[in-house]
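Read the structure below first, then the notes.
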Amino acid sequence: MCSPEHFAVEYAINPWMDVTAPVDPELAVKQWDRLRETLVQLGHEVHLLTPERGLPDMVYAANGAFVVDGVVYGAQFKHEQRAAEAAAHRAFYESQGWRFIAPSETNEGEGDFAYVPDAHGGLVLAGHGFRTELPAHAEAQEALGRPVISLRLVDPRFYHLDVALAAIDDGNVVYFPGAFSAASQKVLAQLFPDAVIADDADVMAFGLNLVSDGLNVVLNSEATGLAEKLKAAGYHPVPVELAELKKGGGSVKCCIAELRH
Ligand code: ARG
């Protein structure tokens, strides 16, 4: 995770960002800190990246890489405003001794890649259409040695996979079908017949931008409807308020890069 000390909305690279709307960085830090504490209370270890001035989106740490089985596939950001973030993530992984594979294709890490370890022996789900480019899906498959399922995103409001789909345990996902092309919806229905299906209100509340440890599902507190659905499906929703960071077009998942040994 990376503190939003320098968080701001200075440019607009997704439809949620409004450069004229005021942002309260202090409140952003407070809310982010609650998220960090929540993860620690749930028993997770949190490593911190040092935020850098001039990189206001660095708080969205999920975009810096994608890690499976101890192998790190690095990010290459689409927009130049965020390009320099990749080096900070790379330095973190290299200093910690992770095996780092540098990308040559545009991809935004866990923003567009999700991992479902128990689905067909370990599947990578990958979004394209707005940020991550299709050749990066093939590159990720070669880097990680896991099948990569390409899913086409079609709604600019849901510009990253992780705002439209999330793994809720080692074998299942929750997703909003309307974010995907008709063919990709068919692929998801075939692979995950028991998926939890989210609706318009869930996705607009950034509910799908969640992290789950298989039981506890940490999600944006505005997503009350999705929390109910997850509860009914046997999960334990843990709501966290992240209204300031929503102004940049992100929530819980965007703030967390998962380290998978
Ligand atoms: N403002 C950031 C961008 O548009 C938000 C990134 C959100 N991160 C995510 N994993 N979806 O790039």
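Indexing begins at 1, ligand by ligand and atom by atom, following the structure's order. Not measured: the values here are computed from a predicted model.
- Residue-level proximity to ligand 1 for H79 is absent, since no heavy atom of it falls below 4.0 angstrom.
- Taking a cut-off of under 4.0 Å to the non-hydrogen atoms of R131, the atoms of ligand 1 that pass are 3 (C), 4 (O), 12 (O).
- In this pair, F158 and W16 present their aromatic rings tilted. The plane angle is within the 30 to 60° band.
- Looking only at distances, no side-chain donor or acceptor of N63 sits under 3.5 Å from a matching main-chain atom of A75.
- For E139 (side chain) and E105 (main-chain N/O), a donor-acceptor pair under 3.5 Å exists by modelled atom type.
- From the protein, the heavy atom lying nearest to atom 10 (N) of ligand 1 is D162 OD2, 2.6 Å.
- Proximity to G111 (heavy-atom distance under 4.0 Å) selects the following atoms of ligand 1: 10 (N).
- Of the heavy atoms in K253, none comes closer than 4.0 Å to ligand 1.
- Remark: ligand 1 atoms within the under-4.0 Å shell around heavy atoms of M17 are 1 (N).
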Next item on the list: Begin with the C-alpha distance, continue with both residues' side-chain angles, and end with the deciding distance and a verdict on side-chain contact (heavy atoms from CB on, under 4.5 Å) for D57 and M17.
Entry: CA-CA 11 Å; D57 272 338; M17 299 174 85; 3.8 Å; yes
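- At under 3.5 Å, not a single nitrogen or oxygen of E108, backbone or side chain, sits near a nitrogen or oxygen of ligand 1.
- Of all protein heavy atoms, the one lying nearest to atom 12 (O) of ligand 1 is R82 NH1, 2.7 Å.
- For the atom pair L151 CG and Q185 CD, the distance stands at 10.5 Å (nearest 0.5 Å).
- By the 3.5 Å distance cut-off applied to N or O atoms, N14 is counted among the residues near ligand 1.
- Ion pair E241/R34 not flagged as a salt bridge, since none of the NZ, NE, NH1 or NH2 atoms sits closer than 4.0 Å to an Asp/Glu carboxylate oxygen.
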Notebook entry, point to check: R36 and D33: salt bridge (charged side-chain N to carboxylate O under 4.0 Å, His left out), yes or no, with the steps?
Noted result: CA-CA 5 Å; R36 189 189 54 76; D33 217 43; 3.2 Å; yes
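- Clustering ILVMFWY residues whenever any of their side-chain heavy atoms sit less than 4.5 angstrom apart, transitively, puts Y60 in the very cluster that holds V19.
- Short contacts between ligand 1 and I13, defined as distances under 4.0 Å to a heavy atom of the residue, involve ligand atoms 3 (C), 4 (O), 12 (O).
- Considering only non-hydrogen protein atoms, atom 2 (C) of ligand 1 sits nearest to D57 OD2, 3.4 Å.
- Residue N209 has no N or O atom closer than 3.5 Å to an N or O atom of ligand 1.
- Atom OH of residue Y235 and atom CG of residue L210 lie 10.5 Å apart, to the nearest 0.5 angstrom.
- In terms of protein heavy-atom proximity, atom 9 (C) of ligand 1 is closest to C254 SG, 2.6 Å.
- When non-hydrogen atoms are compared, ligand 1 lies under 4.0 Å from neither the backbone nor the side chain of E110.
- Not close to ligand 1: W16, with no non-hydrogen atom less than 4.0 angstrom away.
- With hydrogens and angles ignored, the 3.5 Å screen pairs no side-chain donor or acceptor of D69 with any backbone N or O of V71.
- Between G248 and ligand 1, an N or O atom pair is found at a separation short of 3.5 Å.
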